[in-house]
Amino acid sequence: MFEEVEWAEEAPLAASLRPVASQSRTEAASQVKGSKRRQLLATLRALEAASLPQQPPSLPGSDSEEEVVEKKKKHSKKALFASASTEVEEKGKKHQKRGPPGHNSEEKKVEKKCRKGALLSSDSALEEKRKRKYQNRASSNPPQPQDSVDQTDPKAWKSRATDDPPKPSPGTTSPQPLHTLSRKQWRNRQKNKRRHKNKFRPPQLPDQAPATAPKEETEVLPTLSPDSHEARGEALRARMAQRLDSARFRYLNEQLYSGPSSAAQRLFQEDPEAFLLYHRGFQSQVKKWPLQPVDRIAKDLRQRPASLVVADFGCGDCRLASSIRNPVHCFDLASLDPRVTVCDMAQVPLEDESVDVAVFCLSLMGTNIRDFLEEANRVLKPGGLLKVAEVSSRFEDVRTFLGAVTKLGFKVISKDLTNSHFFLFDFEKTGPPRVGPKAQLSGLKLQPCLYKRR
């Protein structure tokens, strides 16, 4: 019971004493912190004072005195750093014994500050090494009168190394390290170069810019000479003539396909230039084809004996006769070559069974195609060859066409439908026509070959 009463009496006393103890501890910690900061600041100031140059710059020849001074500085720095570290350690031990439980954070702060001091000392040592290098270079290369840079000042040495690297003298052979410029330094140098260029440019007066503008506005276009007018007139006339020729070609083409061969012959007899115009337009159309059928027929005939007699119905400019060695009879509605015989292809001046090969190359024109094929049957020898090449778009049904031709006394030997522009057929004469003249053959009605306006 007595113990319980004593504990009950002591409890409020302990509770009242706790805030007093905590206040004393915080005051002690703050006093310790303030004393530590002062001591650390003093050590740092001592180190900075030791790192600064205390003597005037010596001459390049006095190397021994400088080395002695530097050794003394090193010893003084080491001693100061050692004393500072020992003081910090002793204070740390005292605080471990006396300090509050939060003293670990204070120790860490002290260690960080010591590390900073060590880094400062290492930086100072590096600066001293750089000073030695620059002093050795200065002793080997005597300074020129234009170089007015303090050798003891490291900042001046750095700026000199980055801006203007020292040029090696002809006597020295030791390689010197290249100093690279930072991006900012390089930009500044480029700006200075531009300013230097602009400085020596002649100033442009503000009145010069608008003075040139009216000249450009007041420039008059060159007047066309009479020669240019004539050239333009000739070009227009040529264009109009070309359009007129193409229109006349389309008209003649429609007349040839829409009427019999006798009407076409009368048309060309009345207007001899019309045939020349038609042939010119026809050749310009055929030149666009990848392969001309005349060349294909000539190639086939060159593989046969040269003694075969050929009859070319609708020869044009006698291209087939010029491409083979065989004797060729050339027939057409008008003459473009002395070898051409002008006649209606339904009535050619040849004897019966006097020809070995009959050719119709894009010449089954008009409404009387049956008369042409019957005339070819008449002049061909038995077993003679009939070669037909015609535009592919004219055939509605190839079978009906071949059936109609066989009724006129022919037999199909070969057909080539692979070309995109024309079809090629080979027939052999078997005898006279098997149908009478009044029999109708619907397969011989081919579509007219009409050319679009371009």
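Since this is a predicted model, take the numbers as computed values, not measurements. Counting begins at 1 with the first residue of the sequence. The figures that follow rest on heavy atoms only: side chains count, while hydrogens, waters and symmetry mates do not.
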Considering all heavy atoms, the nearest [X]-[Y] contact:
X      : Y      : value
Arg394 : Ile369 : NH2-CD1, 4.2 Å
Phe422 : Leu291 : CE2-O, 3.2 Å
Leu267 : Gln255 : CD2-CB, 4.4 Å
Gly316 : Leu336 : O-CB, 4.0 Å
Arg237 : Glu230 : NH2-O, 4.5 Å

query: So Lys445 and Glu396, side-chain contact (heavy atoms from CB on, under 4.5 Å) or not? Walk me through it.
result: CA-CA 9 Å; Lys445 293 180 180 179; Glu396 290 183 356; over 6 Å; no
pair [X]-[Y]: side-chain heavy atoms closer than 4.5 Å:
X      : Y      : value
Ser261 : Phe372 : yes
Asn253 : Tyr278 : yes
Leu386 : Leu373 : yes
Phe282 : Leu362 : yes
His421 : Lys288 : no
His196 : Lys193 : no
Gln447 : Tyr257 : no

- prompt: Any donor and acceptor pair, going by atom type alone, linking the side chain of Gln185 with main-chain N or O of Ser182 inside 3.5 Å?
  reply: yes
Sidechain-backbone polar pair: Arg302 side chain, Ser323 backbone, donor-acceptor under 3.5 Å: yes
Separation between [atom1] of [X] and [atom2] of [Y], rounded to the nearest 0.5 Å:
X      : Y      : atom1 : atom2 : answer
Asn188 : Leu181 : CG    : CG    : 10.0 Å
Met365 : Leu256 : CE    : CG    : 4.0 Å
Ser322 : Asp317 : OG    : CG    : 7.5 Å
Phe268 : Leu277 : CZ    : CG    : 9.5 Å
His279 : Leu252 : NE2   : CG    : 13.5 Å
Cys330 : Arg319 : SG    : CZ    : 14.0 Å

field: CA sep, side-chain torsions, deciding dist, call: Leu424, Asp300, side-chain contact (heavy atoms from CB on, under 4.5 Å)
entry: CA-CA 11 Å; Leu424 188 64; Asp300 293 343; 4.2 Å; yes
task: Check Ile297, Val388, Leu320 against Cys361 for a side chain to side chain contact (heavy atoms under 4.5 Å, CB included) and give me the one that passes.
output: Ile297
message: Can you tell me which residue among Val328, Leu308, Ile324 is in a side chain to side chain contact (heavy atoms under 4.5 Å, CB included) with Leu301?
response: Ile324
field: Criterion side-chain contact (heavy atoms from CB on, under 4.5 Å) on Ile413 and Phe427, from CA distance to verdict
entry: CA-CA 5 Å; Ile413 298 174; Phe427 301 94; 5.8 Å; no
- request: Please name all residues satisfying ring pair (Phe, Tyr, Trp, His ring centres under 6.0 Å) with Phe401, sequence neighbours left out, ordered by chain then number.
  value: Phe395, Phe425
task: Quick one: list whatever passes ring pair (Phe, Tyr, Trp, His ring centres under 6.0 Å) with Phe313, sequence neighbours left out.
output: Phe331, Phe360
- request: Would you indicate whether Glu273, at its atom CD, is surrounded by more than 12 heavy atoms from other residues, nucleotides or ligands within a distance under 6.0 Å?
  value: no
Salt-bridge contact Asp271-Arg248 (side-chain N to carboxylate O under 4.0 Å): yes
- request: Have a look at Asp426 and tell me which of Lys387, Arg296, Arg304, Lys415 forms a salt bridge (Lys or Arg N to Asp or Glu O under 4.0 Å) with it.
  value: Lys387
- prompt: Hey, mind stepping through Asn326 and Val357 against side-chain contact (heavy atoms from CB on, under 4.5 Å) and telling me if it holds?
  reply: CA-CA 10 Å; Asn326 304 68; Val357 181; over 6 Å; no
- request: Could you tell me which residues satisfy side chain to side chain contact (heavy atoms under 4.5 Å, CB included) with Asp337, sequence neighbours excluded, listed by chain and number?
  value: Cys318, Arg339, Val340
